[in-house]
J.: 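Okay, handing you the structure first.
Here, residue 1 is the first one in the sequence, and each next residue gets the next number.
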Amino acid sequence: MPARGKKRGRRIAPPVISARLSGHIKLESQADGSVAASFDGYSVGLGKFSSAVLSRLHELRAGLPLASFAGSRLVDKEIDLLVRRLARSGLLEYRFAPPGGGQDLVVIEPQIPDYRPRTAKLTNTDVIALSRFAYLRRRGNEMVLESPRAGALFRIGDLKIAAALARLASPQKIGKFRKAPGFPGIELLALLLDCQILFRVESGKDGNLRWSEGDDDLVLWDFHDLLFHARSTEGRQANPLGGLYPYAGLMPLPPAVRPAWPGKKIDLRNLVTSTSESLAPSEPSMTFARMLKERHSTREFDDARPITLAELAQLLDSAARIRAKWSSSLDMDGGGPEISYAARPYPSGGAAYELELYLSVANCEGLVRGFYHYDADEHALTPIIVRSPDLEAQLAAAEFAMGASTVPQILITIAARFGRVSWKYSSVAYSLILKDVGVVFQTLYLTATALGLGGCAIGTNNIELFSKVTGLEFHVEGAVGQFALGRGKATDPESGSSA
């Protein structure tokens with residue numbers, strides 16, 4: 001009688017990857033074989049296809065397994081072409097689920113046009129870990145796993161998968177990981193490895209995971225910087241982007257002119273010369289080219305000769321005062337809300353002009369030491385009561401950031417009313433705000449140069465301290481830049497620093 005062999009369990013078939021239309025997409029075919037995808041009142045032509053392909057279009061609604069059209073037949077090549085065209089237009093997702101149906105384990109959403117699911121080769125001896133750029137977040141009622149390095153994001157359908165992937169915060173050898181409870185499957189790990197959400201941990205780098213992942217240039221990137229770079233530009237994301245007015249029907253746009261701070265204003269209008277007169281009496285004919293040439297960063301200020309209130313008034317008038325106000329209706333299919341605008345001397349993305357100037361004054365002739373808001377419409381300064389230690393903390397932080405020996409005479413904090421931009425723009429709102437800050441920096445630099453003053457853009461600012469002194473929530477109106485201003489100390493041209 002033959003020896004009885006070991007009883008083998010039934011092998012479970014691996015999950016299947018299928019191409020599936022995104023939920024809001026419909027495919028329409030014509031008698032001549034033309035196929036178009038329609039969504040939200042738009043239509044995208046996809047070309048002409050044979051009747052064999054047209055008869056299978058409905059399969060893309062539930063999901064068409066990639067393996068089913070991986071052959072060399074003409075119809076397979078046609079279906080593959082259709083799938084690629086849908087993917088390039090952002091109309092396709094990939095379902096990762098058990099064969100024969102059942103719950104989606106993962107849904108893969110391409111973030112770059114040419115993404116196609118691929119499984120990297122993995123062996124039991126490989127050691128893998130989560131990328132330091134990978135993150136799991138809630139999106140609506142879903143959990144998504146993504147990374148700025150990935151060509152796709154992964155919508156997690158089975159939360160056990162998320163729990164299993166959390167173990168990869170520390171490196172795991174595949175052979176040992178297979179035995180762990182809730183092992184997510186080698187196929188999913190291979191997909192995540194191909195997307196660089198996971199990476200192989202190389203030996204010989206002393207256990208330094210940062211050096212093990214990617215090339216030397218990647219080592220230099222922090223998580224938030226790479227994420228911001230990828231998600232606020234085109235090319236590596238599939239989020240809605242641009243002037244889409246996503247909140248036009250939900251809430252009003254913040255007004256072009258910020259509501260005034262309460263308190264008695266310091267009127268600057270009688271201190272400003274006519275716009276036809278020279279900014280700097282000592283330099284009546286300073287050319288733009290000369291201003292550019294002479295512009296430099298001044299970090300040391302002459303407290304024996306402080307900036308005057310009249311000079312400050314002239315600078316604010318020339319660099320930041322509102323020049324004109326108007327309103328117009330937003331045309332959205334024949335109607336829309338009324339939008340207010342207020343032009344200033346510098347350009348602003350979408351004419352939003354979301355930036356406000358707050359002044360921490362340490363030493364200004366004619367102006368009491370304190371904290372002020374610049375009312376760009378009234379051309380006035382409104383005092384804001386702050387605790388002396390908080391004012392000193394702002395000035396001291398600027399001194400430290402510049403590497404200076406004394407605090408600036410005036411510290412200008414540039415704050416953004418974020419909703420003024422994000423009401424209109426999707427994905428790029430914060431990026432546009434930072435571009436506007438750069439424009440304001442240069443405007444302040446050139447105006448200060450023309451007035452014979454010194455200035456220095458500061459690369460950091462404390463958003464929590466600004467929130468504390470103003471009482472404003474940091475996500476409503478927050479600090480996005482700082483600029484030191486005053487009368488610079490006379491320096492030896494050979495030793496003076498510039499930037």
Side-chain angles (χ1 to χ4, degrees), residues 22 90 93-96 104-113 115 117-120 122 127-172 177 180 182-185 187-202 207-215 217-241 246 418 422 426-431 433-434 463-464 474-475 478:
S22 298
E93 60 188 22
Y94 296 95
R95 179 176 185 260
F96 184 72
D104 292 343
L105 300 175
V106 164
V107 175
I108 307 169
E109 299 181 13
Q111 298 297 294
I112 58 177
Y115 172 80
R118 296 181 180 84
T119 53
L122 279 171
V127 177
I128 59 173
L130 268 174
S131 166
R132 65 187 177 90
F133 297 104
Y135 61 102
L136 186 71
R137 68 179 179 95
R138 180 183 69 84
R139 188 187 66 182
N141 296 323
E142 305 164 335
M143 293 298 291
V144 295
L145 176 65
E146 53 187 319
S147 164
R149 297 191 70 206
L153 66 79
F154 290 69
R155 201 164 76 225
I156 307 298
D158 184 350
L159 295 184
K160 293 179 181 178
I161 291 176
L165 292 176
R167 295 174 61 91
L168 292 170
S170 60
Q172 302 285 330
F177 191 35
F183 178 67
E187 296 83 11
L188 178 58
L189 296 180
L191 285 167
L192 293 171
L193 183 65
D194 175 70
C195 260
Q196 303 180 102
I197 288 177
L198 302 180
F199 70 99
R200 283 189 180 88
V201 179
E202 300 178 14
N208 190 322
L209 295 182
R210 190 175 183 120
W211 284 92
S212 294
E213 180 179 358
D215 55 30
D217 290 315
L218 192 65
V219 172
L220 304 175
W221 281 92
D222 285 332
F223 163 78
H224 59 282
D225 285 332
L226 192 64
L227 177 63
F228 175 61
H229 179 51
R231 293 297 185 261
S232 63
T233 53
E234 291 186 83
R236 296 198 63 85
Q237 63 153 332
N239 298 318
L241 184 145
F418 299 109
S422 57
S426 293
S427 295
V428 298
Y430 193 71
S431 176
I433 288 170
L434 295 188
I463 61 174
E464 184 61 20
F474 82 97
H475 64 281

J.: Hey, what do you get for CG (L192) to OG (S147), rounding to the nearest 0.5 Å?
T.: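 That separation rounds to 10.5 Å.
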J.: Does a side-chain heavy-atom distance below 4.5 Å link S431 with T233?
T.: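 Not in contact.
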J.: Could you give the distance from CH2 (W221) to CZ (R132), rounded to the nearest 0.5 Å?
T.: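 Going from CH2 on W221 over to CZ on R132, the span is 11.0 Å.
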J.: For the atom pair CZ (R200) and CG (L193), what is the distance rounded to the nearest 0.5 Å?
T.: 5.0 Å
J.: List the steps and the verdict of side-chain contact (heavy atoms from CB on, under 4.5 Å) for F199 and V201.
T.: CA-CA 6 Å; F199 70 99; V201 179; 4.0 Å; yes
J.: I need the I156 CD1 to R139 CZ distance, nearest 0.5 Å.
T.: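 Taking CD1 in I156 and CZ in R139, the distance rounds to 11.0 Å.
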J.: For the pair L130 and L198, evaluate side-chain contact (heavy atoms from CB on, under 4.5 Å) and give the outcome as yes or no after the intermediate values.
T.: CA-CA 5 Å; L130 268 174; L198 302 180; 3.7 Å; yes
J.: Which atoms form the tightest heavy-atom contact between C195 and A152, and what is the distance?
T.: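 For C195 and A152, the tightest heavy-atom pair comes out as SG-N, 3.9 Å.
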J.: Mind listing the closest non-hydrogen atom pair of M143 and L159 along with its distance?
T.: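 That would be CG-CD2, 4.1 Å.
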J.: Do the side chain of E142 and the main chain of R155 share a donor and acceptor less than 3.5 angstrom apart?
T.: no
J.: Where do Y430 and F228 land on the ring-ring contact (aromatic ring centres under 6.0 Å, His included) test, with the steps shown first?
T.: CA-CA 9 Å; Y430 193 71; F228 175 61; 5.8 Å; yes
J.: Where do H475 and F418 come nearest, in terms of heavy atoms and distance?
T.: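 Closest pair (atom of H475, atom of F418, distance): O-CD1, 3.3 Å.
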J.: Under 3.5 Å, is there a donor-acceptor pair between the side chain of D158 and the main chain of K160?
T.: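 Side chain of D158 to backbone of K160: a pair is present.
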J.: When rounded to the nearest 0.5 angstrom, what is the spacing between CG in L165 and CG in L136?
T.: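 One gets 8.5 Å once the value is rounded to the nearest 0.5 Å.
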J.: Strictly below 4.0 Å, N to O, side chains only: are E146 and R231 in salt-bridge contact?
T.: yes
J.: For L241 and Q237, work out which heavy atoms get closest and say how close.
T.: CD1-NE2, 3.1 Å
J.: Working to the nearest 0.5 Å, report the span between CG of D194 and OH of Y115.
T.: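 With rounding to 0.5 Å, CG (D194) is 6.0 Å from OH (Y115).
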J.: Quick check on F474: does its CZ atom have over 12 non-hydrogen neighbours (other residues, nucleotides or ligands) under 6.0 Å away?
T.: no
J.: Under a 3.5 Å cutoff, is there a donor and acceptor pairing between the side chains of S131 and E213?
T.: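 The criterion, which ignores hydrogens and geometry beyond distance, is satisfied for E213 and S131.
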J.: Can you find a pair of side-chain heavy atoms, one from L188 and one from L105, that are under 4.5 Å apart?
T.: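 They are not in contact (no side-chain heavy atoms under 4.5 Å apart), so the answer is no.
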J.: Tell me whether R138 at atom CZ has more than 12 heavy atoms from other residues, nucleotides or ligands lying less than 6.0 Å away.
T.: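 No, the 6.0 Å shell around CZ holds no more than 12 heavy atoms from other groups.
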J.: Compare every heavy atom of P184 with every heavy atom of I161, then report the nearest pair and how far apart it is.
T.: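 Taking every non-hydrogen atom into account, CG2-CB, 4.5 Å.
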J.: Which residues satisfy the salt bridge (charged side-chain N to carboxylate O under 4.0 Å, His left out) test with R118, sequence neighbours excluded?
T.: none
J.: Any chance you could lay out the side-chain contact (heavy atoms from CB on, under 4.5 Å) test for F133 and L227, step after step, and finish with the verdict?
T.: CA-CA 8 Å; F133 297 104; L227 177 63; over 6 Å; no
J.: So which atom in F154 and which in V106 form the shortest heavy-atom distance, rounded to 0.1 Å?
T.: CD2-CG1, 3.5 Å
J.: Verify side-chain contact (heavy atoms from CB on, under 4.5 Å) between L218 and R149, making sure each step is shown before the conclusion.
T.: CA-CA 10 Å; L218 192 65; R149 297 191 70 206; 3.4 Å; yes
